[in-house]
Amino acid sequence: MYDRYNRKIDYLRISVTDRCNLRCTYCMPEEGIQLLRHEDILTFDEIRDFTQIAVAHGVTKVRITGGEPLVRKEITTLIRMIADIDGIRDLSMTTNGVLLKHFAYELSTAGLHRVNISLDTIDPEKFNKITRTGNVQDVFDGIRAAKEAGLLPVKINCVIKASKDEAEAAEVTSFCKDNGLEVRYIRQMDLVKGHFSMVDGGSGGDCAMCNRLRLTASGKLKPCLFNNIEFDIREIGFENALKMAVELKPACGSKNETGSFYNIGG
Ligand code: SAM
């Protein structure tokens, strides 16, 4: 699929839940969020069917995200259903890693290729402060389990304020060097104010090269993270939503006043 700016659209990011087991200060309010109703959340069959159509139209790269994807019940079943679709060359997941030690092996067996794990600091106290509830040791255990399960390369997503030379990020950098992990530095963004920039070490944030579509847990297909445009796949049909999202993908991000990282997937 090519959009009107001749960008090849071959990457689908799927948020499978709006729920999360952490409350990162830059992502979610401390008291949590108004959760989606069960019936508003796409079923596994709907996610598989939509993905199948997207792949038939040229998507080769699929990422599962959230909320926290590992809190969605039976997530391994969904991974298996998606892995069974012919034509996906890269099937990955973005996770906070907290539950990964329990899932890494079965995810790998189900057909997941690799994981990105979010880690902004290796300091236990700072980690607990940023995530409001988390224990960094769980993430370390998750990283080890992912490596052992062959979910490679394991990449680390590190949110920074302004620079990768900040103390926390520098510690994450040496941790990654010591543990054979790739690291991507993501500047803290603001959807409403339209503050975003290119991801250092990754491909996000570069509008001219953007190849992505994003499906939210409630079935809204978004052609751009920094834009309010979205198409409800249940309302207008899977094929039609795909067509519209590609056709109307904006040249460049601006602002998003309707969504949040936790329901679009970052
Ligand atoms: N729960 C999973 C996780 O923690 O990786 C997946 C969802 S999370 C929303 C996806 C990514 O978005 C994480 O790497 C997170 O750090 C990032 N993120 C969330 N809010 C952000 C913000 N305001 N600016 C930049 N990145 C953000």
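For ligands, and for the atoms within them, numbers begin at 1 and follow the listed sequence. Everything numeric here is computed off the predicted structure, so don't read it as measured data. Numbering starts at 1 and runs along the sequence shown.
A side-chain contact (heavy atoms from CB on, under 4.5 Å) with L12 is found for one member of L213, I82, L242 and no other, namely L213. With Y185 as reference, T173 is the one residue of V172, V199, T173 to meet the side-chain contact (heavy atoms from CB on, under 4.5 Å) rule.
Listed by chain and number, Y26, C27, T65, G66, G67, E68, T94, T95, N96, S118, N157, V159, I186, R187, Q188, M189, F261, G265, G266 each place a non-hydrogen atom less than 4.0 angstrom from ligand 1.
Checking T95 against E68 by side-chain atom types alone, a donor-acceptor pair falls below 3.5 Å. T258 and N256 share a donor-acceptor pair across their side chains, judged by distance under 3.5 Å alone.
Within a 6.0 Å sphere centred on NZ of K243, other residues, nucleotides and ligands contribute 12 heavy atoms or fewer.
In this structure, K61 contributes its side chain and N211 its backbone to no donor-acceptor pair below 3.5 Å.
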